[in-house]
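Below is one structure; the comments refer to it alone.
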Amino acid sequence: MYEFTYTANASRVIFGRGSLNSIEQEVERLGAGRALVLCTPDRRELAEPVAALLGKRCAGIYAGAIMHVPIESARAATEHAGKVGADCAIAIGGGSTVGLGKAIALESALPIIAIPTTYAGSEMTPIFGLTENGLKRTGRDARVLPRTVIYDPQLSLTLPLPISFVSGLNAMAHAAEGLYARDGNPVMSLMAEEGIRALAKGLRALKQDAANPDARSDCLYGAWLCGTVLGQVGMALHHKLCHTLGGSFNLPHAETHASVLPHALAYNAAAAPEAMRRIARALGASEAEANDPAAAALALHALSQELGIPAGLKSIGMQEDDLDRACQIALANPYWNPRAIEPQPLRALLQRAWSGVAPQPD
Ligand SMILES: NC(=O)c1ccc[n+]([C@@H]2O[C@H](COP(=O)([O-])OP(=O)(O)OC[C@H]3O[C@@H](n4cnc5c(N)ncnc54)[C@H](O)[C@@H]3O)[C@@H](O)[C@H]2O)c1
Ligand SMILES: O=C(O)CCC(=O)CC(=O)O
């Protein structure tokens, strides 16, 4: 028995090797003529070819993107865009750069073209994040959804494997929670399962050969699917926990997602057996194995180990003494989750996520 509401986001997506070459015509298609190219300070080499392809349509390169978009960086970028008369922003990079483009759009309504080079998936969502006085807030606004997304797998060939792996698990997290979302729907569930499957295939191939173009294409295809899910349906325990950990303890985003995901799925396994079956199946479990709700979390933990992802929040700088406070913060703002958020089980989840041991339901 199906019952759902589904409103598609209106992004235009161009996917393929060499699709970067279409950037000038995509700027023209938006009716723009002065595109500001955004990147992080350490990735100007990504922005320069875009500026060259744009020629006279380029309003310059702004290399001021910072993770979690500090409000000061957003204000400076918006001011600069105004000063150079930009009528479009092109964000080439990961979620930090797309996040800066979104901050400019939130203030100025400039159209964004996103050219993702990690698997974060921000390019496919109307979700923005801004950090002020050490506190990160997120919201949804149609103005921040990139109008056009160009996925060119060639551009992620230089993404280091450690970042590729954790960014891939960040993407899988969107799909996993999308499979048990309160407002989920069959289209998003199909995309979520296929996204996890494509990323598992691509990440495993990257482990063998970081320069494998087909593996990069599989990963970026999976990131597109998972990012689309994130943009369409609500998230739950896993994303709320990672937001708390990232925002309150300044932990790196993708690494935090990768550490927490197996444990968040174990917490929810009994309450969302169908989602767990589809996740386990997408990760390569047999139909018989996938029928065990615990299989999804264990398969994800096994994939993390196979990829060599450092185990546990302790490996990315979180202190064990901070776990009690993390638990209190996570409990402070109630939100929907397929299983009730209870203090003791949540604290046990955080302990296991911190230590990096195998996940277990409790
Ligand atoms: N709003 C949303 O929908 C959404 C979704 C996911 C993530 N995010 C946000 O995005 C940020 C995290 O994004 P991220 O994980 O992509 O991190 P990121 O954008 O900071 O990139 C991670 C690292 O990869 C490097 N990198 C990127 N592309 C590269 C390339 N081609 N070659 C070499 N190095 C490259 C960057 O320089 C950086 O050091 C967080 O702030 C997170 O909250 C937002
Ligand atoms: O937590 C996520 O991976 C998606 C939401 C997010 O990062 C919001 C933001 O900080 O831009």
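We count ligands from 1, going down the list as the structure has it; atoms in each ligand are counted the same way.
In this structure, the protein non-hydrogen atom closest to atom 16 (O) of ligand 1 is Thr118 OG1, 2.6 Å. Taking atom 11 (O) of ligand 2 as the reference point, the nearest protein heavy-atom neighbour is Gly129 N, 3.5 Å. Taking atom 26 (N) of ligand 1 as the reference point, the nearest protein heavy-atom neighbour is Leu159 CD1, 3.6 Å. Protein heavy atom nearest atom 10 (O) of ligand 2, with residue, atom name and distance: Lys136 NZ, 2.5 Å. Residue, atom and distance of the protein heavy atom nearest to atom 5 (C) of ligand 2 are Ile127 CG2, 4.5 Å. When hydrogens are left out, the protein atom nearest atom 20 (O) of ligand 1 is Ser96 OG, 2.8 Å; that is the closest non-hydrogen contact. Counting protein heavy atoms only, atom 6 (C) of ligand 1 is closest to Ala120 O, 3.3 Å. The protein heavy-atom contact nearest to atom 15 (O) of ligand 1 is Ala254 CB, 4.0 Å.
For ligand 1, the atoms sitting less than 4.0 Å from at least one non-hydrogen atom of Asp42 are 37 (O), 39 (O), numbered in the order shown with element in parentheses. Listed by atom number, the atoms of ligand 1 under 4.0 Å from Thr40 heavy atoms are 37 (O). Ligand-side atoms of ligand 1 in range of Gly94: 16 (O), 19 (O), range being under 4.0 angstrom from any heavy atom. Counting atoms of ligand 1 from 1 in the listed order, those under 4.0 Å from a heavy atom of Ile163 are 23 (C), 24 (O). Atoms of ligand 1 lying under 4.0 Å from any heavy atom of Lys102, numbered from 1 in the order shown and given with element: 1 (N), 2 (C), 3 (O). Close approach of ligand 1 to Leu155 (heavy-atom distance below 4.0 Å) involves ligand atoms 31 (N). Taking every heavy atom of Ser122 and a limit of under 4.0 angstrom, the matching atoms of ligand 1 come to 1 (N), 2 (C), 3 (O), 4 (C), 5 (C), 44 (C). With ligand atoms numbered from 1 in the order given, ligand 1 contributes 1 (N), 2 (C), 3 (O) to contacts under 4.0 Å with heavy atoms of Ile127.
Side-chain atoms of His257 and His238 include a donor-acceptor pair closer than 3.5 Å. Side-chain atoms of Asn170 and Tyr119 include no donor-acceptor pair closer than 3.5 Å. Residues Gln208 and Arg204 have side chains that never bring a donor and an acceptor to within less than 3.5 angstrom of each other. For the 3.5 Å distance criterion, the side chains of Lys314 and Ser355 fail to qualify, holding no donor opposite an acceptor. At a cut-off of 3.5 Å, with distance as the only test, a side-chain donor of Thr40 or Asp42 sits close to an acceptor on the other residue. A donor atom on one side chain and an acceptor atom on the other are not found under 3.5 Å apart for Ser286 and Arg281.
Heavy atoms from both the backbone and the side chain of Thr117 come within less than 4.0 Å of ligand 1. For Thr125, no heavy-atom contact with ligand 2 is shorter than 4.0 Å. Proximity of His253 to ligand 2, defined as any heavy-atom pair under 4.0 Å, is confined to the side chain (atoms from C-beta onward). Neither the backbone nor the side chain of Met235 comes within contact range of ligand 2; no heavy atom lies under 4.0 Å. Looking at Leu230 against ligand 1, only its side chain comes within 4.0 Å, counting heavy atoms. Both the backbone and the side chain of Thr158 come within contact range of ligand 1, each with a heavy atom under 4.0 Å.
Annotation for Ala296 and Leu283: closest pair O-CD1, 4.1 Å, computed over non-hydrogen atoms. For the residue pair Ala105 and Arg143, the shortest heavy atom distance occurs at CB-O, 3.5 Å.
The line from OH of Tyr221 to SG of Cys226 is 10.0 Å long, rounded to the nearest 0.5 Å.
Other residues, nucleotides and ligands contribute only 12 or fewer heavy atoms inside 6.0 Å of the CD atom of Glu107. Crowding of Glu79 atom CD: a count of heavy atoms from other residues, nucleotides or ligands under 6.0 Å not exceeding 12.
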- Message: I'd like to know whether Arg278 forms a side chain to side chain contact (heavy atoms under 4.5 Å, CB included) with Leu179, so could you lay out the CA-CA distance, the side-chain angles of the two residues, the decisive distance to 0.1 Å, and finally the verdict.
- Response: CA-CA 8 Å; Arg278 296 181 76 162; Leu179 279 163; 4.0 Å; yes
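For atom 8 (N) of ligand 1, the choice among Met67, His253, Met124, His239 with the nearest heavy atom turns out to be His253. Comparing Val166, Thr125, Thr256 by heavy-atom distance to atom 3 (O) of ligand 1, the nearest is Thr125. Nearest residue to atom 35 (C) of ligand 1 from Glu45, Glu255, Arg43 is Arg43 (criterion: closest heavy atom). Counting heavy atoms only, Lys136 comes closest to atom 43 (O) of ligand 1 of the residues His174, His243, Arg140, Lys136.
The shortest N or O to N or O distance between Thr97 and ligand 1 is not under 3.5 Å. Inclusion of Ser156 in the set of residues having an N or O under 3.5 Å from an N or O of ligand 1 is not warranted. Annotation: Pro160 places no N or O atom under 3.5 Å from an N or O atom of ligand 1; distance criterion only. Here's the thing with Thr138: none of its N/O atoms is less than 3.5 angstrom from an N/O atom of ligand 2. Ligand 1 has an N or O atom lying under 3.5 Å from an N or O atom of His68, backbone or side chain. Polar contact with ligand 1: present for Gly95 (N/O pair, distance under 3.5 Å). Looking at ligand 1, you won't find any N or O of Asn170 less than 3.5 Å from one of its N or O atoms.
A perpendicular orientation is assigned to the rings of His68 and His253, their planes being inclined by more than 60° (bins at 30° and 60°). Ring geometry for His174 versus His239: interplanar angle of 30 to 60°, hence tilted.
Residue contacts with ligand 2 do not include Lys102, since none of its heavy atoms lies under 4.0 Å from the ligand. Using a 4.0 Å cutoff on heavy atoms, His68 does not count as a contact of ligand 2. The shortest separation from a heavy atom of His243 to ligand 2 is not under 4.0 Å, leaving the residue out of contact.
Checked against Lys201 for a side-chain contact (heavy atoms from CB on, under 4.5 Å), the options Asp218, Leu206, Asp214 give a single hit: Asp218. Each of Ile150, Val149, Thr148 was scored for a side-chain contact (heavy atoms from CB on, under 4.5 Å) with Pro146, with one residue passing: Val149.
Ser108 places a side-chain N or O within donor-acceptor distance of the main-chain N or O of Ile104, the cut-off being under 3.5 Å. A donor-acceptor pair under 3.5 Å links the side-chain atoms of Asp87 to the main chain of Arg34, judged by distance alone. Remark: side-chain polar atoms of Asp152 are paired, donor with acceptor, to backbone N or O of Gly18 under 3.5 angstrom.
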